[in-house]
Number of protein chains: 2
Amino acid sequence: MAESTRERILDAALRAYGTEGFAVTSLDALATELGIRKQTILYYFPSKQAIFEAVVDRAASDLVKVFEEQAARGVGGLDQVEAIVKRVFRLAVRRPQLLGLIREVTRPGSLSIDRLSAHTAPIFDRARDFLQREMDAGRMRASDPEMLLLSLYSTVVGVATELEVQRAMGISDSLRGAVARRQELIRFLRAALEPV
Amino acid sequence: MAESTRERILDAALRAYGTEGFAVTSLDALATELGIRKQTILYYFPSKQAIFEAVVDRAASDLVKVFEEQAARGVGGLDQVEAIVKRVFRLAVRRPQLLGLIREVTRPGSLSIDRLSAHTAPIFDRARDFLQREMDAGRMRASDPEMLLLSLYSTVVGVATELEVQRAMGISDSLRGAVARRQELIRFLRAALEPV
DNA sequence: ACGATCCTCTACCAATTGGTAGAGAGGAGT
DNA sequence: ACTCCTCTCTACCAATTGGTAGAGGATCGT
């Protein structure tokens with residue numbers, strides 16, 4: 001078979017947890033979607049929580065990979081910020097469940113937040129150092145790099161994922177809409193970050 | 001009694017739905033917290049969903065009030081943006097469940113998104129017009145006001161509510177931390193919006 | 001032919017879920 | 001004394017939840 005049952009379960013779980021949410025997705029629903037029995041799922045994973053953790057682990061390493069690929073390119077200044085925004089948007093379009101899962105994990109009640117941040121802490125540190133370096137070199141407006149990173153995170157993830165808000169605001173959620181949002185977001189960030 | 005049972009139920013529901021989430025909060029849990037029986041809750045509200053809708057209605061009008069109060073002041077340009085950010089932060093500190101509920105409603109699966117946007121649509125329109133006016137007057141950098149509004153929304157709500165992310169990034173979630181975040185956010189937004 | 005291992009299944013289970021039916025307490029108006 | 005209305009309760013229910021126990025089929029090396 002092209003894909004093992006275990007992989008299929010993880011795929012379906014990522015989709016479901018990243019869109020509908022963890023709490024509302026029952027094992028039965030997951031199993032039905034896959035055309036198998038709930039007990040088959042519980043053969044591969046000891047509990048529902050364990051599935052979630054496995055999904056988070058896989059999603060986190062996918063995310064980290066995206067960032068590390070871009071970091072390895074060694075681009076500097078605002079061009080690097082723009083490149084990362086583009087990559088996040090590509091991810092949001094191609095695999096919206098991935099960013100949806102991030103939002104699910106970062107909810108107040110979530111248990112797996114530490115699991116996620118264990119993966120992402122290195123790239124957060126790296127991003128902070130990057131911002132600090134670029135500020136020192138005068139290629140970026142000086143400010144607190146940690147707080148700036150938080151603002152950047154919120155803005156990019158929000159614009160990329162808040163589809164319901166956009167719909168409510170009357171903004172198209174088509175692919176063209178996504179491109180327009182990305183373009184506007186990059187203009188917005190460039191304006192905020194350009195050195196004086 | 002100072003507060004009717006109905007009001008107490010709505011208060012507890014707002015807190016629970018805005019922090020733990022709608023799906024994971026059972027009627028029994030709500031009732032236990034209030035020291036009453038679940039059936040008492042169902043006397044005041046026909047169903048669990050109806051409670052949610054009532055909570056959304058109340059929260060929405062509270063939110064709208066905050067915006068309308070500030071809009072009535074007739075401040076212009078970036079000072080008005082700053083004033084609104086400050087008000088949102090005050091809300092995030094005093095009543096974090098309110099913004100938490102917004103995030104709950106704007107989740108992909110939510111049924112009450114239209115209910116919320118029915119309340120908020122007027123202030124969105126007003127905000128868009130405001131941005132357009134300020135741009136035309138040269139008090140703000142020109143761009144697509146609708147997209148800009150989305151970016152502003154994402155950034156402000158994100159920085160104000162993503163406490164788990166901040167904790168994972170090692171940022172303090174104390175009151176002092178909130179003030180620092182607000183300050184940095186305002187600097188960030190001013191830089192992004194200042195006319196060239 | 002053999003057991004061993006891997007995988008998926010049927011059959012259950014206790015706990016929890018949202019919701020229904022209706023009793024009964026208390027006060028207000030007559 | 002009477003009924004009516006408001007409110008909270010006990011008792012119950014069918015459906016769904018995550019999870020256990022263990023049977024049975026396939027495929028493997030021996």
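Every chain is numbered from 1, with letters handed out A, B, ... down the list of sequences.
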Whole angstrom is fine here: how far is it from [atom1] in [X] over to [atom2] in [N]?
X	N	atom1	atom2	answer
B/F45	D/dT8	CZ	P	12 Å
A/I36	C/dC6	CD1	C1'	15 Å
A/R8	C/dT8	CZ	C1'	13 Å
A/D28	D/dG19	CG	P	12 Å
B/I41	D/dT10	CD1	P	14 Å

Listed nucleotide nearest any side-chain atom of [X], set [options]:
X	options	result
A/K38	C/dG18, D/dG18, C/dC9	D/dG18
B/Q39	D/dC9, C/dC9, C/dT17	D/dC9
A/Y43	D/dA21, D/dC9, C/dC6	C/dC6

Side-chain heavy-atom pair A/I51, A/Y44 within 4.5 angstrom cut-off: no
Phosphate contact ([N] OP1 or OP2) by [X] side-chain N/O below 4.0 Å:
X	N	answer
B/Y44	D/dT8	yes
B/T5	D/dC7	no
A/T40	C/dC9	yes
B/S26	C/dT17	yes
A/R37	C/dT8	no

Sugar-phosphate, base or nothing in reach of A/L42, heavy atoms under 4.0 Å: base
Derivation and outcome, salt bridge (charged side-chain N to carboxylate O under 4.0 Å, His left out), residues A/D136 and A/R133: CA-CA 5 Å; A/D136 291 344; A/R133 214 180 320 122; over 6 Å; no
B/D62 vs B/K65, side-chain contact (heavy atoms from CB on, under 4.5 Å): CA-CA, chis, key distance, verdict: CA-CA 5 Å; B/D62 283 4; B/K65 207 186 301 166; 4.2 Å; yes
Separation between CG of A/L116 and CD of A/E53, rounded to the nearest 0.5 Å: 12.0 Å
Heavy-atom donor-acceptor pair, B/K48 side-chain to C/dG19 base, under 3.5 Å: no
Plane angle bin for A/F22 and A/F52 - parallel if under 30°, tilted between 30 and 60°, otherwise perpendicular: tilted
Pairwise 5' ranking along DNA chain D for A/A29 and A/P46, keeping only the more 5' one: A/A29
